[in-house]
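Structure first, commentary second.
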Amino acid sequence: MQETAPATDAAAAALRASGYRVTPQRLAIHQTLRELDRHASADDVLEAVSGRLPNVSLPTIYAGLDALEEAGLVRRVAAGRGAALYDARAVDHNHMVCRRCGAVEDLDASVELERVMGAASKRGFAPDDAEVVVHGLCARCAAE
C-alpha cells in the first residue's frame with residue numbers, strides 16, 4: 001500500500017496541473033491500469049475497475065482515460081487494429097504489434113524522431129508527438 005499513496009498523490013497532482021478535477025473515478029482508473037500492468041482496452045479497464053466502482057460506465061472509463069492521457073499519466077497506443085489500448089507506462093517508448101494475434105509489447109530502443117517531426121513540419125503539419133510502431137509477428141506466432 002505504500003507504493004499506492006505516492007502514485008495516487010502524483011496522479012492527483014498531474015490531473016490538477018492539467019486543469020482536471022481529481023475524482024475517485026479517475027484515480028481508480030489510473031490505479032487499475034497500473035495494476036493490470038499491460039496494454040489494456042477501455043473494456044478491460046471497465047471489467048477490472050468494476051469491483052471498486054460498481055456503477056461505473058464505459059463512457060466514464062473513456063472520459064477518465066482521456067483525462068489521464070491529457071495529464072500525461074497514460075499513453076494511448078497506436079496499435080492499428082481493434083480497440084484503442086492504453087499503457088500506464090507514460091514515458092516515451094515504442095511498441096511492437098503482432099499482425100497475427102494482436103499482441104502489443106513495449107519496445108525500448110533509441111530512435112531519433114526529430115527527423116520525422118521535422119519532415120512533418122516541412123509539409124505544413126504541426127507535430128507534437130511521434131512514436132514507432134513495429135508490425136510483424138511476435139515470438140510466439142513466429143515460432144508456430
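Predicted model only: the values in this text are computed from it and were never measured.
- Contact of the Asn94 side chain with the Asp108 side chain is not registered, since no non-hydrogen atoms from C-beta on lie closer than 4.5 Å.
- Here Arg140 contributes atom CZ and Cys98 contributes atom SG; the two are 7.5 Å apart, rounded to the nearest 0.5 Å.
- Using a 4.0 Å cut-off between charged side-chain N and carboxylate O, Arg76 and Asp66 make a salt bridge.
- Side-chain atoms of His95 and Glu131 form a donor-acceptor pair, as typed in the model, at a separation below 3.5 Å.
- Going from atom CG of Asp92 over to atom CZ of Arg89 covers 10.0 Å, rounded to the nearest 0.5 Å.
- Following chains of ILVMFWY side-chain contacts shorter than 4.5 Å, one can reach Val133 starting from Leu85, so the two form part of one hydrophobic cluster.
- The distance from atom CG of Asp44 to atom OH of Tyr86, rounded to the nearest 0.5 Å, is 11.5 Å.
- In this structure, Arg38 CZ and Leu33 CG are separated by 9.0 Å, a value rounded to the nearest 0.5 Å.
- Between Asp87 and Val104 there is no side-chain heavy-atom pair separated by less than 4.5 Å.
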side-chain contact (heavy atoms from CB on, under 4.5 Å) assessment of Cys138 paired with Glu105
CA-CA 9 Å; Cys138 67; Glu105 298 178 35; 4.0 Å; yes
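- With rounding to the nearest 0.5 angstrom, the CG atom of Asp106 is 9.0 Å from the CZ atom of Arg75.
- Under a 3.5 Å cut-off, the side chain of Ser50 and the backbone N or O of Glu47 do form a donor-acceptor pair.
- In the hydrophobic clustering of this structure, Val77 does not group with Val45; members are Ile, Leu, Val, Met, Phe, Trp, Tyr whose side-chain heavy atoms approach within less than 4.5 Å, directly or through other members.
- Distance alone, capped at 3.5 Å, is enough to place a donor-acceptor pair between the Arg26 side chain and the Arg21 backbone.
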Quiz: residues 55-62 side-chain donor-acceptor pairs under 3.5 angstrom, not counting sequence neighbours:
from, atom 1, to, atom 2, distance (Å)
Ser57, OG, Thr60, N, 3.4
Ser57, OG, Thr60, OG1, 3.1

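- Using a 30° and 60° split on the angle between ring planes, His93 and His39 fall in the tilted class, from 30° to 60°.
- The only option from Thr32, Asp9, Val22 that meets the side chain to side chain contact (heavy atoms under 4.5 Å, CB included) definition with Leu27 turns out to be Val22.
- Under the 4.5 Å side-chain heavy-atom criterion for Ile, Leu, Val, Met, Phe, Trp and Tyr, Val116 and Val134 are members of distinct hydrophobic clusters.
- Residues Ala130 and Leu113 share a closest heavy-atom pair of O-CD1, 3.2 Å.
- In this structure, Met117 and Glu114 have side chains that are not in contact, with every pair of non-hydrogen atoms separated by 4.5 Å or more.
- When all heavy atoms of Gly64 and Ile29 are compared, the pair lying nearest together is CA-CD1, 4.0 Å.
- Remark: side-chain polar atoms of Arg100 are not paired, donor with acceptor, to backbone N or O of Leu137 under 3.5 angstrom.
- The distance from atom OG of Ser18 to atom CG of Leu73, rounded to the nearest 0.5 Å, is 7.5 Å.
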